[in-house]
Amino acid sequence: MSDAILVTGGSGAIGRAIARRAAAEGWRVLNLDQRPPEDPLPAEDFFACDVADAAAFRAVLAGIVARHAPTRLVNNVGIVRPATLEETRIEDLAAVLDVNLRSAVLASQALLPAMRAAGFGRIVNISSRAALGKEVRTAYAASKAGLLGLTRSWALELAADGITVNAIGPGPIATELFRRANPDNSPRTRAIIEGVPVKRLGTPEDVAHGCAGFLDHRAGFITGQVLYV
């Protein structure tokens with residue numbers, strides 16, 4: 001079992017919180033993102049890559065696997081292009097699916113041999129509450145719902161190899177991505193917060209805490225699950 005964990009999109013808000021929590025658990029963090037983190041961790045390797053470029057992504061993944069053979073993976077990278085059904089462009093749909101969904105398939109495929117060889121693996125897909133339906137999110141909701149389908153299918157396929165596959169479905173989390181899509185002064189944003197029972201936005205650390213449970217080596221009997229945070 002390798003002590004390395006690959007986090008895609010590990011420089012952004014949720015990815016950064018997951019990376020920090022992983023480091024606290026004693027794992028070496030392999031951060032694959034377009035930009036380096038502002039607060040590098042002592043036990044962190046950064047890999048610059050645009051996951052929308054499939055060929056480049058495959059090449060970087062091959063190098064990571066050859067050097068580290070990670071047995072933990074968090075498919076976190078994501079983009080959102082808000083639009084109603086009428087406004088959704090097919091080009092935007094394709095772009096969102098490439099980043100949010102295809103990247104999870106490619107990363108999981110790349111790490112699978114090392115996980116199988118170790119007889120151990122943890123895959124966590126960062127989905128979204130939007131997978132249950134959210135207005136003005138055709139492309140995003142489709143991609144995040146797709147991750148849930150992948151989670152359940154892979155859980156069934158990989159359980160016999162000691163590999164668990166679970167998903168986190170964050171609700172409204174105070175991130176740059178959320179703020180861009182939901183401006184602070186928007187009535188829609190205020191309505192979102194009022195609809196949350198604890199009357200606040202979630203934090204990246206809230207998501208990282210849920211993720212850490214699925215990644216733990218003791219979580220071997222939990223697979224195919226979705227935890228909404």
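Note that these values count all heavy atoms, side chains included, but never hydrogens, waters or copies made by symmetry.
- The two residues Pro36 and Phe46 have their closest heavy-atom pair at N-CZ, 3.3 Å.
- Formation of a donor-acceptor pair under 3.5 Å by the Arg122 side chain with backbone atoms of Ile163 is not found in this model.
- The closest side-chain heavy-atom distance from Ser103 to Asn75 is not below 4.5 Å.
- The minimum heavy-atom distance linking His68 with Asp45 is given by the pair CE1-OD2, 3.2 Å.
- Taking 4.5 Å as the limit, every side-chain heavy atom of Ile173 sits out of range of all side-chain heavy atoms of Thr203.
- Both Val65 and Ile123 are assigned to one and the same hydrophobic cluster, defined by single-linkage of ILVMFWY side chains at heavy-atom distances under 4.5 Å.
- The minimum heavy-atom distance between Gly15 and Asn76, with the atom names listed, is CA-ND2, 3.4 Å.
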>> For a side-chain contact (heavy atoms from CB on, under 4.5 Å) check, start with the C-alpha distance between Arg179 and Asp184, then their side-chain angles and the critical distance, and finish with the verdict.
In response: CA-CA 7 Å; Arg179 299 288 190 190; Asp184 287 340; 2.6 Å; yes
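- Between Asp206 and Arg200 there is a salt bridge, since a side-chain N of the basic residue sits under 4.0 Å from a carboxylate O of the acidic one.
- In summary, Asp216 and Arg218 engage in a salt bridge, as defined by a charged side-chain N under 4.0 Å from a carboxylate O.
- When atom types are taken as modelled, the side chain of Asp33 and the backbone of Cys49 share no donor-acceptor pair closer than 3.5 angstrom.
- With contacts defined as side-chain heavy-atom distances shorter than 4.5 Å, the pair Met115/Phe120 does not qualify.
- Between the side chain of Thr8 and the backbone N or O of Val77, at least one donor-acceptor pair lies under 3.5 Å.
- There is a path of hydrophobic side-chain contacts, each under 4.5 Å, that joins Ile18 to Phe214.
- Summarising the geometry of Ala104 relative to Leu147, their closest heavy-atom pair is CB-CD2, 3.7 Å, with the distance given to 0.1 Å.
- Side chains of Pro204 and Arg16 form no contact here, defined as non-hydrogen atoms less than 4.5 Å apart.
- Looking at heavy atoms from C-beta onward, Pro170 lies in side-chain contact with Ile168 at the 4.5 angstrom threshold.
- You'll find the side chain of Leu6 reaches within 4.5 Å of the side chain of Ile64, heavy atoms only.
- By the criterion of side-chain heavy atoms lying less than 4.5 angstrom apart, applied directly or through intervening Ile, Leu, Val, Met, Phe, Trp or Tyr residues, Val165 is not grouped with Ile5; the two fall into different hydrophobic clusters.
- In terms of modelled atom types and a separation under 3.5 Å, the side chain of Thr71 and the main chain of Gly121 share no donor-acceptor contact.
- Between Glu176 and Arg180 there is a salt bridge, since a side-chain N of the basic residue sits under 4.0 Å from a carboxylate O of the acidic one.
- Tracing side-chain contacts under 4.5 Å through hydrophobic residues (I, L, V, M, F, W, Y), one never reaches Val105 starting from Val124; they form parts of separate clusters.
- Salt-bridge annotation for Arg20 and Glu205: present, with a side-chain N of the basic residue lying under 4.0 Å from a carboxylate O of the acidic one.
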> Between Asn125 and Thr151, does a side chain to side chain donor-acceptor pair (under 3.5 Å) hold up when you go through it step by step?
Replying inline: CA-CA 7 Å; Asn125 296 319; Thr151 296; 2.9 Å; yes
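- Within a 6.0 Å radius of CD in Glu38, other residues, nucleotides and ligands contribute 12 heavy atoms or fewer.
- The minimum heavy-atom distance linking Tyr228 with Ser128 is given by the pair CE2-O, 4.2 Å.
- Lys199 places a side-chain N or O within 3.5 Å of a backbone atom of Glu194 that can act as its donor or acceptor partner.
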>> As a quick check of understanding, evaluate side-chain contact (heavy atoms from CB on, under 4.5 Å) for Val196 and Leu201, giving each step before the final call.
In response: CA-CA 8 Å; Val196 176; Leu201 295 175; 5.8 Å; no
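- Here the side chains of Val74 and Leu215 are in contact, with some heavy-atom distance below 4.5 Å.
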>> With side-chain contact (heavy atoms from CB on, under 4.5 Å) as the criterion, how do Val226 and Arg152 come out once you've worked through the C-alpha distance, each side chain's angles and the decisive distance to 0.1 Å?
In response: CA-CA 9 Å; Val226 182; Arg152 294 174 177 128; 3.8 Å; yes
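- The main-chain N or O of Tyr140 is found under 3.5 Å from a side-chain atom of Ser143 such that the two form a donor-acceptor pair.
- Between the side chains of Ser11 and Asn31, at least one donor N or O sits under 3.5 Å from an acceptor N or O.
- Under the 3.5 Å distance criterion, the side-chain polar atoms of Arg72 are left unmatched by any main-chain donor or acceptor of Ala4.
- Note on Glu87 versus Arg137: no salt bridge recorded, every NZ/NE/NH1/NH2 to OD/OE distance being 4.0 Å or above.
- Ion pairing between a basic and an acidic side chain is recognised when a charged N comes within 4.0 Å of a carboxylate O; Glu135 and Arg188 show such pairing.
- At most 12 non-hydrogen atoms from other residues, nucleotides or ligands lie less than 6.0 angstrom from NE2 of His209.
- Here the straight-line distance linking atom CG of Asn166 with atom SG of Cys211 works out to 9.5 Å at 0.5 Å rounding.
- Considering only heavy atoms from C-beta on, Arg21 stays 4.5 Å or farther from Trp27 through its side chain.
- One distance of note links CD1 of Ile192 with CZ of Arg129; it measures 9.5 Å at 0.5 Å rounding.
- Note: the hydrophobic cluster containing Leu106 also contains Leu32 (ILVMFWY, side chain heavy atoms under 4.5 Å, direct or indirect links).
- Closest heavy-atom contact between Leu148 and Ala131: CD1-CB, 3.8 Å.
- The pair Arg116-Asp161 counts as a salt bridge, with a side-chain nitrogen and a carboxylate oxygen less than 4.0 angstrom apart.
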